[in-house]
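Presented below is the structure to which this report refers.
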Number of protein chains: 2
Amino acid sequence: MAEQAQEKLPENVVFVGMKPPMAYVLGVVTQLSNGQKQVFLKARGRSISKAVDVAEIVRRKFVQDIRVSSIDIGTEERSLENGQKINVSTISIAIGK
Amino acid sequence: MAEQAQEKLPENVVFVGMKPPMAYVLGVVTQLSNGQKQVFLKARGRSISKAVDVAEIVRRKFVQDIRVSSIDIGTEERSLENGQKINVSTISIAIGK
């Protein structure tokens, strides 16, 4: 049961990081083509701007009748190697039909 | 009438650009203290991540009972000096009580 949940969880989530935007656009488009009704674009820190770019490129150029259904922002506490704790902003953009 | 509208329009909008985040945090906090029920944080391109940081800092550290009431993303077409047109992502974060 737990194993199943772990395997299923990341399927409709695309984490936006250091790759070029089109890599993540492709990820979202692939998942929508595979029948996912909703895909979550998630990013932290500087990558937040790129996540917005990806959502806009998918919506405007790649998938018809798709829309951004919700956007959530938040804060994560991360520990640096020297033990210092810093806050990093996060975003989650839900894209669906 | 039109003049009044022009003067009133930017009052509850904070444009996030190249300054440090705390400059914009101060702008939002000042407007809320001055009685604005809602403040819009707007940013383009790379500054989008900073706008999210500002919203989170205001919400977590500065103003009680405040929440992000809506977030919109979009795309603006801008012309470069050589005439080339590029698309730039935008964000608008509404913060209010």
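By convention in this document, chain letters (A, B, ...) are assigned in the order of the sequence lines, proteins followed by strands, and residues within each chain are numbered from 1.
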| field | Distance-only side-chain donor-acceptor flag, B/Glu56 / A/Ser89, under 3.5 Å | value | no

| message | Less than 4.5 Å to any heavy atom of chain A: does that hold for the side chain of B/Ser70, its backbone, both, or neither? | response | neither

| Is A/Leu80 linked to A/Val88 within one hydrophobic cluster, defined over Ile, Leu, Val, Met, Phe, Trp and Tyr using a side-chain heavy-atom separation of less than 4.5 Å? | yes

| query | Do A/Val14 and A/Phe62 share a hydrophobic cluster, counting only Ile, Leu, Val, Met, Phe, Trp and Tyr and linking them when any side-chain heavy atoms are less than 4.5 Å apart? | reply | yes

| remark: Applying a strict 4.5 Å limit to non-hydrogen atoms, the region of B/Ala55 in contact with chain A is side chain

| query | So which of B/Ala51, B/Ala43, B/Gly74, B/Gly45 has the largest heavy-atom pair count under 4.5 angstrom toward chain A? | reply | B/Gly74

| field | A/Val63 with A/Val25, same ILVMFWY side-chain cluster at under 4.5 Å | value | yes

| query | Within a reach of under 6.0 Å around CZ of B/Arg44, are more than 12 heavy atoms found that belong to other residues, nucleotides or ligands? | reply | no

| request: Establish whether A/Val29 and A/Val68 are linked, either directly or via other cluster members, by ILVMFWY side-chain heavy-atom contacts under 4.5 Å. | output: yes

| Closest-packed option against chain B by number of heavy-atom pairs under 4.5 Å, given A/Thr75, A/Ile91, A/Ile48 | A/Thr75

| query | Checking A/Val52 against chain B: side chain, backbone, both or neither under 4.5 Å from a heavy atom? | reply | both

| query | Measuring from B/Ile57:CD1 to A/Asn87:CG, what's the distance to the nearest 0.5 Å? | reply | 8.5 Å

| Which heavy-atom pair separates A/Ser49 from B/Ser47 by the least distance, and what is that distance? | OG-N, 4.5 Å

| Segment of B/Arg60 engaging chain A (4.5 angstrom heavy-atom cut-off) | side chain

| request: Give a yes or no on whether B/Met22 and B/Ile66 share a hydrophobic cluster (residues Ile, Leu, Val, Met, Phe, Trp, Tyr; joining criterion: side-chain heavy atoms under 4.5 Å apart). | output: yes

